[in-house]
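As structure tokens, the structure follows; a few thoughts come after it.
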Protein chains: 2
Amino acid sequence: MPKVKPQRIAETRPAKAPPPPVPATRRGELRRAALIDAARDIFLEQGFARASIDEVVQRVGGSKASVYQYFGSKEGLFGEMIAHQCQQLIDSAEFPGRGGAPGADVEQVLLQFARRVVQLFLAPVRIAMHRAMIAEAERFPELAERFYEAGPKRGLALLSAYLRSQHEAGTLDCPKPEWSAIQFMNLVRTYPMFRALHGMPPMPEGEDLDEFLQHAVRLFLDGCRIKR
Amino acid sequence: MPKVKPQRIAETRPAKAPPPPVPATRRGELRRAALIDAARDIFLEQGFARASIDEVVQRVGGSKASVYQYFGSKEGLFGEMIAHQCQQLIDSAEFPGRGGAPGADVEQVLLQFARRVVQLFLAPVRIAMHRAMIAEAERFPELAERFYEAGPKRGLALLSAYLRSQHEAGTLDCPKPEWSAIQFMNLVRTYPMFRALHGMPPMPEGEDLDEFLQHAVRLFLDGCRIKR
DNA sequence: GTGTTAATGTACTGAACGTTACAGTTCATT
DNA sequence: AATGAACTGTAACGTTCAGTACATTAACAC
């Protein structure tokens, strides 16, 4: 029976966080940042439990002492890494819907939006983040919520603002923009994303993602278009 | 600094499966079944990596020798457990849409269906399964696919059969029933399920799930109802 | 009953992991 | 240049775990 590769895993304090000391030195700051970067790679690649601090440390060349200096524990490192990713996500997520000319064709605006959203959510980093957060949601409830708010919820808010404005302008019939936003997102992003989360290609063999998006936008508009 | 509870984790062979011997004795069968049951609890509770075989064994009172006799490895045990759950899922999932009287109001049929689907997908076991599968999709691609086919995909197939029959009967305008089925499922089940996967309650404070479902069904029908 | 095979219990191995202690090094300030 | 604080490297500790060896016990066939 061929032994393949004994991987080990471990952790301790389920949720201890003695005030994380901030580096007071330039070198310290760099180390801290580098650790977070490496932690992102390792944690998102292997998941929290399987990831090992030694591997993180090895990748940046530092030493474990720094990890415990700055983050206090494996969980602390994970938490800071996720928080950092969330912040980055918020900073980078300039959603459309406001950018376009106000009079632009709603169907085109929504289709563009759909493409953007899907592209964003299918990025490997996002998929990995989602995987990690779903896997550890029970162990890090506050992190999961933070992630949800930085990602999905923020997208919903921006979209529903757009829908509301269109409703008020009379372009759409959208009396409940929050729910409509949810439904639009569901129609557009769920299917390919779910497949990706399960490790499959976003669309089944031979089916076209963009066509799928057009279909979704059309269905959505059938329910919201001014025409009743 | 209070040490809390050093949890350990481990595993080895990424995907070894020497033909799993089937028990030849009554007692063996029982042990095997009991092991799978306990494995389900532990794995779904803790995730693959964190779960420990010793804990599984302790719960059923057997010994590790049996585990390695029947399943060959931790991964083997996990795989058999998932497969077993999938089979059980298929057996128990008698989907509606066929049961109802053929002339029943489509909106009512779909709403009932929606309620059933959501109830099924929000069951704690299902959420835990989903979590586990998403978390380990990269390590067990064939399992993830199997799960996807036993669960989501099967639901889609049944629903699209119903939609097709309604289309042919002229009750609905549904030229692409597969995609329509996907979209119906997306509208209906995604949002609460995603929230649950992230460890949050299915609907935000004060919002009503059933009302959400009605809204979704109505939107779906606006796009499919015979009326163009 | 007796003998053969399957199943189990015990106890161990070796390795990996999170965490810490400590000594050495680099940095910032004066 | 000196001094104290922040930082880092090394090496270890204690624990946990998957997997194994082997002797014992239960099940079955005759």
Side-chain angles (χ1 to χ4, degrees), chain A residues 1-18 20-35 38-39 42-43 46-58 60-78, chain B residues 1-18 20-35 39 42-43 46-58 60-79:
Chain A
M1 241 181 252
K3 207 170 289 180
V4 174
K5 181 192 168 199
Q7 280 272 75
R8 275 321 170 68
I9 303 161
E11 71 237 41
T12 37
R13 324 188 219 160
K16 197 69 214 306
V22 169
T25 236
R26 168 64 37 86
R27 186 173 58 146
E29 274 175 51
L30 293 179
R31 264 298 190 265
R32 201 188 123 98
L35 281 172
I42 303 286
F43 278 132
Q46 327 220 9
F48 176 77
R50 223 185 315 275
S52 101
I53 293 194
D54 280 317
E55 207 174 336
V56 173
V57 165
Q58 236 172 5
V60 300
S63 95
K64 277 205 274 193
S66 321
V67 172
Y68 285 86
Q69 172 98 11
Y70 297 131
F71 307 104
S73 70
K74 187 184 185 183
E75 320 218 343
L77 176 57
F78 182 72
Chain B
M1 238 179 256
K3 207 170 286 180
V4 173
K5 180 193 166 197
Q7 280 274 74
R8 271 325 167 66
I9 303 160
E11 73 237 44
T12 37
R13 326 188 217 158
K16 198 65 211 311
V22 169
T25 234
R26 168 63 39 86
R27 189 172 58 143
E29 274 175 51
L30 292 179
R31 265 294 191 267
R32 202 188 121 99
L35 282 172
I42 304 285
F43 278 132
Q46 326 219 9
F48 176 77
R50 225 185 315 274
S52 103
I53 292 194
D54 281 318
E55 205 174 338
V56 173
V57 165
Q58 235 172 6
V60 299
S63 94
K64 269 207 279 196
S66 323
V67 172
Y68 284 87
Q69 172 98 10
Y70 297 131
F71 307 103
S73 69
K74 186 183 182 183
E75 321 218 345
L77 177 58
F78 183 72

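Within every chain, numbering begins at 1; the chains are lettered A, B, ... in the order of the sequence lines, protein sequences first and strands thereafter.
Taking CZ from F71(B) and OG from S66(B), the interatomic distance works out to 9.0 Å, rounded to the nearest 0.5 Å.
Applying the side-chain contact (heavy atoms from CB on, under 4.5 Å) rule to K64(A) yields the partners I53(A), D54(A), V57(A); only residues at least two apart in sequence or on another chain are considered.
Closest of all the heavy-atom pairs between L35(B) and V60(B) is CD2-CG2, 3.7 Å.
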Side chain to side chain contact (heavy atoms under 4.5 Å, CB included) assessment of R31(A) paired with Q69(A):
CA-CA 11 Å; R31(A) 264 298 190 265; Q69(A) 172 98 11; over 6 Å; no
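Residue F71(A) contributes atom CZ, which lies 16 Å from atom P of dT20(C) at whole-angstrom precision. For the pair K74(A) NZ and dC17(C) C1', the computed distance is 8 Å after rounding to whole Å. When the P atom of dT8(D) is taken as reference, atom CG of L35(A) falls 8 Å away, rounded to whole Å. Q46(A) places its CD atom 11 Å from the P atom of dG18(C), with the value rounded to the nearest Å. Between the NZ atom of K64(B) and the P atom of dT16(D) there is a distance of 13 Å, rounded to whole Å. For D54(B) and dT10(C), the CG to P distance is 13 Å, given to the nearest whole Å. Regarding Q58(A), its CD atom lies at a distance of 13 Å from the C1' atom of dA16(C), rounded to whole Å. Computed from coordinates, the Q69(A) CD to dT20(C) C1' distance equals 13 Å when rounded to whole Å.
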Find every protein N or O atom lying less than 3.5 Å from an N or O atom of nucleotides 22-25 of chain D, and list the pairs.
none

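For S63(A), counting side-chain heavy atoms from C-beta on, the closest listed nucleotide (dA18(D), dG18(C), dG9(D)) is dG9(D). Nearest nucleotide to the R31(B) side chain, out of dC17(C), dT8(C), dT20(D): dT8(C).
Among F48(B), Y70(B), F43(B), the single residue meeting the side-chain contact (heavy atoms from CB on, under 4.5 Å) criterion with L77(B) is F43(B).
Contact annotation: Y70(B) does not reach the phosphate of dA6(C) (side-chain N/O to OP1 or OP2, under 4.0 Å). For S66(B) and dA7(C), the shortest distance from a side-chain N or O to OP1 or OP2 is not below 4.0 Å.
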